[in-house]
Amino acid sequence: MSNTRNIRPQVLLTVLLLILPLLGLALVIDIIEVNLAERITTLLYINLILVLGLQVYMGNSGILSFAHIGFMGVGAYASAVLTIPVQMKGLALPDLYPVLASAQFSPYVAMIAGALVAATVATVLSYPLMRLSDAAAVITSFALLVVLHTIMVHWSAITNGPRTLFGLPKATGLYLAAFSACTMVGVAVMFKESRTGLLLRAVRDDETAAAAMGAHVSVLRWRGFILSAFMAGLGGSLWGHFITSFSPSAFYLKETFVILGMLVIGGSLTVTGAVVGTVTITVAFETLRITENAVNIAQILPMRLVGLTEIVLAIAMIAILILRPSGIVRGAELGELAVFQRFFTRAMHAKSTIEKQQEESKL
Amino acid sequence: MLSDLLQFSIDALTLGSLYALMALGLVIVYGILRLVNFAYGELIMVAGYTLYLLGGSPLPWLVMAVMAIVMAIFTGIATELVAFRPVRERSVTAVLITSFAFSTLLQNAALLFISPRSRQVPLPDLFSEVVQIGEIIVPVRNLVTIASTILLLALFALILRRTVLGMALRAAASQFRMARMVGVPANLIISTAFAISGLLAGVVSLLWFGRIGSVVPGIGLEPLLVAFIATVIGGMRSLPGAVIGGYVLAMIDTGFNYLLPQDLLAFRDAFTFSIVIFILLWRPQGLMAGPATGQRT
Amino acid sequence: MLEVHGLQVCYGAIQAVRQVDLEVQQGELVTLLGANGAGKSTTLLSIAGALKSSGGRVCFEGEDITGISPEQIVRRGLVMVPETRDVFADLTVKENLRLGAYIRRHDLVGFRKDIEWIEELFPILINREEQAAGTLSGGEQQMLVIARALMSRPRLLLLDEPSLGLAPTIVEQIFRMIEKLRQSGLTILLVEQNASQALRSADRAYVLSLGTVAAAGRAEDIASSSDLRAIYLGA
C-alpha cells in the first residue's frame, strides 16, 4: 500500500467547508473593527489550533492526553526566548545563557521554531509512554503535564520561573491566526486520511488485532503524538506573541480543561467536531463572561462570581457525555454528510458513464 | 551514619504510608470498575475544607476529624452518582472526562463559595509534638501516620479476606458481570467501593493536613498524582501492588530529597518521574499482576 | 415455567437474535442447538438479564422479567452458567461457592447443608476447597461453576455449552451429573454444540439458525431428523 492515495472528494469538501467560514469570519471581524471582537476571534483561532492538535492524537488513537497544554508552554517559551529583543532580555531573563541572550529572530521564524522545539521534546520524552494503553497511558500523560509545568516553574534561566515573562513582540494578528488555524485544519484532515492515521484508528478500535496484522502500535501513537505536540507548540507560540507576556500558570490544568472541553463537546472523532466545539465554547464562554462581569458590577449577588464559567463548562461536559457521548458532531466529517453524498454518487455515475461512452466510441 | 539511615527510614516510611493509603483509595475503584476517578484528590480537599469550616466550633478535634471523613465518604458516593453511574456503560475515556469535569466543578465550587486563598486547618496538639528516638528527633505525627496506616491496611485486608462483602468486592474486581449473575448487587458493590475510597481519602487527608496545615482548592492535585503514579508502578489493578507502589514512590522521592544537590532539588519531581518511566519501560504492566481476567490494563 | 416471546437482541448494528420463541415446562430438560453464531448464547444471556434485549418478552413463572437486572433474576430462582465459565479466579473454591449462595448468605444453617449436598454431587471439589479457583483444570472449573450456580437453589438452570473444550470422559461425567440434577427435579435449559449428547439427555429441543428457531420438537424426533444436519451445515 503506498503512502499517497487518491484524496477522496469528501475530504477536500470537508477542508473547504471548514476553512471558508473561518476565513470569512476573519474578514467580517476585520471589517467591523471592534477591538474586543478581534481579540476574541484571534483567541478563537489560537484555541482552534490547540484543539485540532488534541484531536489529531486523541481522535485517532483513542487515548486521552493531558500533556497537550504542556507542549503549548514549551512552544511559547521557546519562541519567547528567541524573539525577546536583546535589550529587554537583560530585564526579562537576567540569567539567560549567553548564546540565547544575544539571539533575536523574526517572530515568524521563532514561532515555527517553537513548534519544532515542542515536537522535539515530545519525540524524546514520550516514546516510553506509547507502549501503555487505556488508563495507564492517560495517567502518565497527566504526570508528564505536571513535569513540564514543574520544569517551567523552576528553570528560571529560560522561563523567569513562576514570575511573568514579558517582552514578546506582538506579532500575532487576526489574519496570521486565521491562516494558521486553516492550515492546521488541513493538516489535521490530512493526517486523519494518511496511512498512519488509518492504522492508528485500527489500533484504537482493536489493539490486539491491529498488532497481529503488523501495525507497530507504539510507533504509530508516537507519530500522532509528535504531530499533536507540534501543533500545540505552534498554538503556544502564536498565543505568546498575541498576549506578549505570560507565566507558567497559563499552561496547566485550567487550560487543559478548557481545550479538552472544546474537543469533547464538539466531538473528538472528527476535525469538524474540533472546529464546532471550539466555536461553540468560545461563544458560550464569552457570553458567560459578560454575564459574570455584569453581575459583579451590578452587585446583584452578595459575592463575586468567580469560576462560574468553569462550573458551567464542567456541567456541560458531563451532560454531553451522558446524553451524546460522541459530541455534537459524531462520526462523520462535514464533507461526508449524507446530503453531499448524493452529489458524489451522481458525479461518480456521470464520470463512469462518460468513460464507458469513450471506450465504446474507441472500439 | 546509623542515625542518618534511621532518619531516612522513618521519613520514607511515613511518606510511604501516606502514599500507600492514597494509592489504595484510588485503586479500590479502578480495580473493580477499570475506571479512573479524577475527582479523587477532591475528596481530600473536601475533608480539608470540612475541618476548616468546623475549626471555629467548640467541638473536640476527633469529632471534627470524623465529620471530615464522613464528608469525604459522602463526596465519594456523590462522585459515583454524578460522574460514573450515568456513563459507566460507555467508554473508559468518557468516565475519565466526566470525573475530570466533576473535579473541576468541586474545585471551582470551593473557589466560589469559600475562597481561592489558602485556609488554615485545625490540628490536634498531638501533631505538633516531637519525640526522641536514639539521636534523631521525630515528629509524633509521623509515628501516628505509620501506625494508623498499618492498622488501616490490616483492617482492610481482613475485611477483604474474611467477610462476604470483601469476597464480593474481590469477585467483582475479577469478573464483574459474573458477580452480578450469582446475585451480587452491582450498584451496591460500586457504591461500597467509592465509600471505602472516601474513607481512605478521609483518613489520609487528616494525616496529610497534619503535614501541610492549610487547604486551597487545588490541594487535591498532589495526592491525585501520587495515587496515579503509585498505582501505575504497582500494577493498575492490584491492591497490594498499589500499596507497594506507594512505598516505592516514597522511597524514590525521599531518596532524591537526600541525594540531589541543592540547585536541582526543585526538579525532584522530574527526576522521580524519570525513574517511573524507566520502571514502565521495563515493566509496562506494573510491578505486580492484577486479578486474572485476561484483559489488558 | 419459562416463556420467551419474540426475543430480539442486537450487538450494535448486528442483530444476533431476530425472533426467538421458546418455552420450558417445569421439570423438563430442554436443549437449544445450533451452529456457531446462531444466537444460542445470546438468547441465554438475554434471558438471564446479562444482555439487554431490543424486543420481545421473557416470562418466568408467570412474571415478566424482561429487562430486569441479573441480580434480581437470580433472586427469582433463575440462574445461568455462562459458556466462559467465569470462575472467580483469585478466590478459593469454597469462596466461589459461598458467593454462589450470596442471595442466601444470611441463612447459615441452610448454607452448611448445601455445601454438604454439593460436595456429594461433586466429589472432585472436596479436596480442593482451599485451592484458588483459577488453578483448577477445565473440567473441575466447569463442575465448580455449576455447583456455584446450584448454591442459590435455583428452580431453573441455564447452562451454556458445559462441554466446551473438555475431554470426552469429562464430558460424560458432566452429562451424568446433569442427568442427576434433572432427576432431583431441577428444570434445565441447556445450550450445546454437542448435539448428540444433548439430545440423549433432553426431553425437547429447539434448533436455532441465524437468530431464529428453525426447528422445534421432542428430542427423539429432532435427533432422527435429517433436517438437523442441513441446519447445522447451512444447506
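Note on naming: letters A, B, ... go to the chains in the order of the sequence lines (proteins, then strands), and numbering restarts at 1 for each one.
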Asks: With only heavy atoms counted, which part of A:Thr140 is less than 4.5 Å from chain B, the side chain, the backbone, both or neither?
Replies: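 Both backbone and side chain.
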Asks: Quick one: pull up CG in B:Asn108 and NZ in A:Lys254 and give me the separation to the nearest 0.5 Å.
Replies: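 With rounding to 0.5 Å, CG (B:Asn108) is 8.0 Å from NZ (A:Lys254).
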Asks: Let me know if B:Leu106 has heavy atoms under 4.5 Å from chain A in its side chain, its backbone, both or neither.
Replies: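 Contact with chain A involves no heavy atom of B:Leu106 at all.
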Asks: Rounded to the nearest 0.5 Å, what's the gap from CD1 on A:Ile139 to CG on B:Leu26? Could you check?
Replies: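 It comes to 6.5 Å.
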Asks: Would you find more than 12 non-hydrogen atoms of other residues, nucleotides or ligands less than 6.0 Å from A:Arg163 atom CZ?
Replies: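 It does: A:Arg163 CZ has more than 12 such atoms within range.
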Asks: In Å and rounded to the nearest 0.5 Å, what is the CZ to CZ distance from A:Phe66 to B:Phe228?
Replies: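 Nearest 0.5 Å value for the CZ-CZ distance: 7.5 Å.
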Asks: Please identify, among B:Leu221, B:Thr231, B:Ile229, the residue contributing the most non-hydrogen atom pairs under 4.5 Å to chain A.
Replies: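 Among B:Leu221, B:Thr231, B:Ile229, the one with the most close pairs to chain A is B:Leu221.
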Asks: Determine the minimum heavy-atom distance between A:Ala314 and B:Ala101, stating which atoms define it.
Replies: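 Smallest heavy-atom distance, with atoms named: CB-O, 3.3 Å.
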Asks: Other residues, nucleotides and ligands only: do more than 12 of their heavy atoms fall within 6.0 Å of CZ on B:Phe74?
Replies: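 Not buried by this count: 12 neighbours or fewer within 6.0 Å.
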Asks: Is there any residue in residues 148-159 of chain A with a non-hydrogen atom under 4.5 Å from a non-hydrogen atom of chain B, and which ones are they?
Replies: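 Listed by number, the contacting residues are A:Thr150, A:Ile151, A:His154, A:Trp155.
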Asks: What residue in A:Leu313, A:Leu144, A:Ile315 has the most heavy-atom pairs under 4.5 Å with chain B?
Replies: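 Most pairs with chain B among the choices: A:Leu144.
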Asks: List the atom of A:Ile322, the atom of B:Pro86, and the distance in Å for their closest heavy-atom pair.
Replies: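 For A:Ile322 and B:Pro86, the tightest heavy-atom pair comes out as CD1-CB, 3.5 Å.
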Asks: Rounded to the nearest 0.5 Å, how far apart are CG of A:Leu145 and CG of B:Leu225?
Replies: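 Reported to 0.5 Å precision, the distance equals 9.0 Å.
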Asks: So which of B:Val95, B:Thr104, B:Leu224 has the biggest tally of heavy-atom pairs under 4.5 Å with chain A?
Replies: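 Ranked by heavy-atom pairs under 4.5 Å with chain A, first place is B:Thr104.
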Asks: I would like to know whether B:Leu112 and A:Ile311 meet side chain to side chain contact (heavy atoms under 4.5 Å, CB included); could you show each step before the answer?
Replies: CA-CA 10 Å; B:Leu112 188 59; A:Ile311 293 182; 4.0 Å; yes
Asks: Nearest 0.5 Å, what's the CG-CZ distance between B:Leu96 and A:Phe142?
Replies: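 Reported value, rounded in 0.5 Å steps: 11.0 Å.
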Asks: Within this structure, what is the CD1-CG distance for the pair A:Ile318 and B:Leu105, rounded to the nearest 0.5 Å?
Replies: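 Going from the CD1 atom of A:Ile318 to the CG atom of B:Leu105 covers 6.0 Å.
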